[in-house]
Amino acid sequence: MRFLHLADLHLGKRVNGFDMLEDQRFILEQVLALCQEHGVEAVVLAGDIYDAPVPPAAACTLLDWFLTQLAARRIPVLAIAGNHDSAERLDFAAGLLAGQGVYLAGRFTGAPRQVVLRDRFGPVEFVLLPYVRAATVRHYLPDADLPDYDSAVAAALAACPPAAPRRVLVAHQMAAAGLCPPQLAGSESAPLTVGTVDAIDVSRFAGFAYTALGHIHRAQRVGSDTVRYAGAPLCYHLDECGAEKSATLVELGRRGVEEIEPLALVPCRAMRHLTGPLAKLTAHPTDTDDYIWATLTDPTPLPDAMAALRAAYPNAMRLDYQPQGAAHAPGEAALAVRGKPFAELFQDFFTRMNGRPLTAEETRAVKALREEAAKA
């Protein structure tokens, strides 16, 4: 069986105020093309399908279209809730959808949902474990000794039969190989607290042929080739500029995983970080629809710099300054601001964020607000 491992779609997400639905539709169309090209027999969605518990209507419409397209191709879908999803909403009509080959696991109710599909070698069992907290597991297993997050997930998985060569786990959790945490991408919302209650050791997944993880936005293996984060299919943070995104194609044979292949996903708009003087960056712009983070090296801030940048790159997301020769070591940067009056510090901050200095009226407003705050 060939299945495609996806995660962290975050449908409905906005990045720096920009609506990403068009970009997400473009990527999902690409996923459908990959399914056709590679003979995919199932699609796994490992959580954070939506970006918010109450997603916008357009995001729900996009998911409806995607699932309908997969169902029309007779490609089963195995999806779980992530920490961004509403488990109860994702479970809506789950029974009806199962009849169309769309298997949803929103809420954890004491044991993971198990779905059996078949290929030419026989049954393939998918174990669907939605995002859980330790308190959730304790509620359903009150007699179990669950001192931390790791033991809670272990107890949740204990209901599964012994190890099998053709069993796949789908989970949305923070996993670590010993003391080695996964590499973050920049857009994850959960803190990385490996070594405390918030991380699961990958040894908990030893009984599965493959573990399809969601939650971390950078595609990577965790401890072994068969425990993987698919990563988000798009860049969702400026720290991810230039990152390569993919979907993970997994082939199960008679005795387990035979091949794992990342399939490149190419966005309709790249996310790029440009550095240089404003005049140079805007003189001969290329790929002007891309999302741009610009670091200007002009010696002084320029008036209406963002407006000039967006005239060349309409989807410019961020602008900051680093004049040539102005880079400081962290200690030097602290010394540079120490002793500066508040008005000067705020002026520097405002200019850095907006690409222009405060006007006289704005300066008076800031002064009045500071005096009012001091009285309070």
Side-chain angles (χ1 to χ4, degrees), residues 1-11 20-49 61-80 97 100-104 115 117-124 126 128 166 168-170 185 209-214 217-221 225-236 240 242-271 287 289-290:
M1 174 177 286
R2 287 185 169 189
F3 66 88
L4 200 63
H5 171 196
L6 297 167
D8 298 277
L9 301 182
H10 286 275
L11 300 182
M20 302 297 288
L21 271 173
E22 182 182 344
D23 304 75
Q24 292 169 334
R25 168 85 181 223
F26 183 88
I27 283 293
L28 294 180
E29 289 174 345
Q30 207 169 132
V31 168
L32 293 173
L34 290 174
C35 289
Q36 180 72 25
E37 179 183 351
H38 294 274
V40 169
E41 299 166 85
V43 169
V44 167
L45 301 178
D48 280 358
I49 295 168
T61 301
L62 180 56
L63 179 64
D64 175 70
W65 167 82
F66 182 54
L67 296 180
T68 301
Q69 292 295 315
L70 290 170
R73 291 163 171 78
R74 299 186 181 279
I75 299 175
V77 178
L78 304 117
I80 62 170
L97 289 171
Q100 301 299 316
V102 178
Y103 303 97
L104 302 175
V115 177
L117 303 179
R118 303 187 70 86
D119 64 7
R120 65 185 184 278
F121 297 121
V124 177
F126 288 86
L128 309 183
R166 288 163 58 80
V168 176
L169 174 65
V170 185
Y210 182 84
T211 299
L213 292 172
H217 291 186
R218 184 190 296 272
Q220 60 196 284
R221 65 193 290 277
D225 284 339
T226 57
V227 179
R228 287 181 177 260
Y229 284 104
L234 286 167
C235 293
Y236 286 137
E240 300 171 39
E244 295 181 355
K245 296 296 185 175
S246 63
T248 306
L249 180 65
V250 182
E251 184 168 354
L252 278 179
R254 188 186 301 275
R255 295 180 177 83
V257 174
E258 292 187 347
E259 186 176 0
I260 299 172
E261 179 184 2
L263 304 179
L265 294 173
V266 182
C268 58
R269 301 176 184 87
M271 190 173 284
D287 298 318
D289 282 342
D290 287 351

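Fair warning: this is a prediction, and the values are worked out from it, not measured in the lab.
- To the nearest 0.5 Å, atom CD of residue Glu251 and atom CZ of residue Arg2 are 4.5 Å apart.
- For Glu240 and Lys245, the salt-bridge test passes: some basic side-chain N is under 4.0 Å from an acidic carboxylate O.
- How far CG of Leu78 is from CZ of Phe3: 9.0 Å, rounded to the nearest 0.5 Å.
- The shortest distance between side-chain heavy atoms of Arg228 and Ile260 falls below 4.5 Å.
- With values rounded to the nearest 0.5 angstrom, Leu104 atom CG is found 9.0 Å from Leu45 atom CG.
- Side-chain atoms of Gln24 come within 3.5 Å of backbone atoms of His10 as a donor-acceptor pair (strictly under, hydrogens ignored).
- Side-chain contact between Leu249 and Val40 is present, with heavy atoms from C-beta onward closer than 4.5 Å.
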Leu32 and Ile75: side-chain contact (heavy atoms from CB on, under 4.5 Å), yes or no, with the steps? CA-CA 10 Å; Leu32 293 173; Ile75 299 175; over 6 Å; no
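- When atom types are taken as modelled, the side chain of Asp290 and the backbone of Ala270 share a donor-acceptor pair closer than 3.5 angstrom.
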What pairs of donor and acceptor atoms, side-chain ones from residues 62-72 against any protein atom, are under 3.5 angstrom apart with sequence neighbours left out?
from, atom 1, to, atom 2, distance (Å)
Thr68, OG1, Asp64, O, 2.7
Gln69, OE1, Arg73, NH1, 2.8

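- In plain terms, the two heavy atoms of Val44 and Ala212 that are nearest each other are CG1-CB, 3.9 Å.
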Stepwise side-chain contact (heavy atoms from CB on, under 4.5 Å) check, Ile27 with Val266: CA-CA 7 Å; Ile27 283 293; Val266 182; over 6 Å; no
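- Distance check: Arg269 CZ to Met20 CE gives 8.0 Å after rounding to the nearest 0.5 Å.
- Across all non-hydrogen atoms, the minimal contact from Gly214 to Ala7 is CA-CB, 3.7 Å.
- The neighbour count for Glu244 CD, taken as heavy atoms of other residues, nucleotides or ligands under 6.0 Å away, does not exceed 12.
- In summary, Arg166 and Asp119 engage in a salt bridge, as defined by a charged side-chain N under 4.0 Å from a carboxylate O.
- For Tyr236 (side chain) and Leu9 (main-chain N/O), a donor-acceptor pair under 3.5 Å exists by modelled atom type.
- Put simply, the side chain of Val43 reaches to within 4.5 Å of the side chain of Cys35, judged on heavy atoms.
- Using a 4.5 Å heavy-atom cutoff, the side chains of Leu128 and Leu169 are not in contact.
- Using modelled atom types, one finds a donor on one side chain and an acceptor on the other under 3.5 Å when comparing Tyr210 with His5.
- In this structure, OG in Ser246 is found 9.5 Å from CG in Leu4, a value given to the nearest 0.5 Å.
- Counting only heavy atoms from C-beta outward, the side chains of Asp23 and Pro267 never approach each other to under 4.5 Å.
- The 12-atom threshold is exceeded at CD of Glu258, counting heavy atoms of other residues, nucleotides or ligands nearer than 6.0 Å.
- Residues Leu28 and Leu11 form a side-chain contact, since some pair of their non-hydrogen atoms from C-beta on lies under 4.5 Å apart.
- Here the CG atom belonging to Leu34 is positioned 12.0 Å from the CD atom belonging to Glu29, to the nearest 0.5 angstrom.
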Let's go through Tyr103 and Leu117 carefully: what are the C-alpha distance in whole Å and the side-chain angles of both, what is the deciding distance for side-chain contact (heavy atoms from CB on, under 4.5 Å) to 0.1 Å, and is it a yes or a no? CA-CA 11 Å; Tyr103 303 97; Leu117 303 179; 4.1 Å; yes
